[in-house]
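This is a predicted model, so every value here is computed, not measured.
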Amino acid sequence: MVLLALSSLLQASAPGNRVLYVGGTVAGVPSHSNAAIDVRDETSLSLHLRDRAIAVPWTDVNDIEYGLHVDRRYVEAILISPLFLIAKRRTHFLTIGFVDDAGKQQAVVLEVSKGDIRQLLVSLEARSGRRVEYQDEEARKAGKG
């Protein structure tokens, strides 16, 4: 019971969708850090990292790009079953470009879960007024549904 209560408190610590900060140009943020992205505020996008938060006004967002990395499950097919060759592992990447307070171009690359990507893309387009750029046709299909 106690573990269940603690797990819900830990998940509620940062508002928004949980993502993985893969990399970017923001100083002092280690790559492959757990983060949460919050697009609910009408004035700014918030990225909550372990020890800091980054707020970007929607007017400063100038690029949104969605990419999809598809990988066959070769190791699982060799170790477990050849049926894993049919299955594909899809990793969803979101790149957000923006201008910081000093006027410099910055970017963050986030890995987003499959269940959150469509809602996040729609919200980013609505809040920023920018169209999402898709890396290829497969990403366009995955992002639009």
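In this structure, CD1 in I96 is found 7.5 Å from CG in L47, a value given to the nearest 0.5 Å. Note that CG of D63 and CD of Q106 are 13.5 Å apart. Values are rounded to the nearest 0.5 Å. Note that CG of N17 and CZ of R40 are 9.0 Å apart. Values are rounded to the nearest 0.5 Å. How far CD of E65 is from CG of L124: 13.0 Å, rounded to the nearest 0.5 Å. In this structure, CG on L68 lies 12.5 Å from CG on L94, to the nearest 0.5 angstrom. From L45, atom CG reaches atom CG of D60 across 10.5 Å, with rounding to the nearest 0.5 Å.
Here L20 sits alone; no ILVMFWY side chain lies under 4.5 Å from its own, so it joins no hydrophobic cluster.
A donor-acceptor pair is defined here as one N or O able to donate and one able to accept, closer than 3.5 Å; such a pair exists between the side chain of E125 and the backbone of V132. In this structure a side-chain-to-backbone donor-acceptor pair under 3.5 Å is missing from R130 to I64. A donor-acceptor contact shorter than 3.5 Å is absent between the side chain of S128 and the backbone of V61.
Contact check for V99 versus K104: no side-chain heavy atoms found under the 4.5 Å cut-off. Inter-residue side-chain proximity for R18 and N34 is flagged as unmet; no heavy-atom pair is nearer than 4.5 Å.
With no hydrogens or angles considered, a side-chain donor-acceptor pair links H92 and Y66 at under 3.5 Å. N62 and Q105 form a side-chain donor-acceptor contact under 3.5 Å, judged by distance and modelled atom types alone.
A chain of hydrophobic side-chain contacts below 4.5 Å, direct or via other Ile, Leu, Val, Met, Phe, Trp or Tyr residues, connects V26 to L49. If you chain together hydrophobic residues whose side chains sit under 4.5 Å apart, I37 and V109 never meet in one group. Taken together through direct or relayed side-chain contacts under 4.5 Å among Ile, Leu, Val, Met, Phe, Trp and Tyr, V29 and V112 form part of one hydrophobic cluster.
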Next item on the list: Starting from the C-alpha separation in whole Å, work towards a yes-or-no answer on side chain to side chain contact (heavy atoms under 4.5 Å, CB included) for D38 and H48.
Entry: CA-CA 8 Å; D38 188 3; H48 302 275; 4.2 Å; yes
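Checked against side-chain hydrogen bond (donor to acceptor under 3.5 Å, both in side chains), S31 has no partners two or more places apart in sequence or in another chain.
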Enumerate, atom names and distances included, each donor-acceptor pair closer than 3.5 Å involving a side-chain atom of residues 50-58, sequence neighbours excluded.
unit_1	atom_1	unit_2	atom_2	d
R52	NH1	A27	O	2.7
W58	NE1	D41	O	2.9

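Counting all heavy atoms, side chain and backbone alike, V39 lies closest to S123 at CG2-CB, 3.5 Å.
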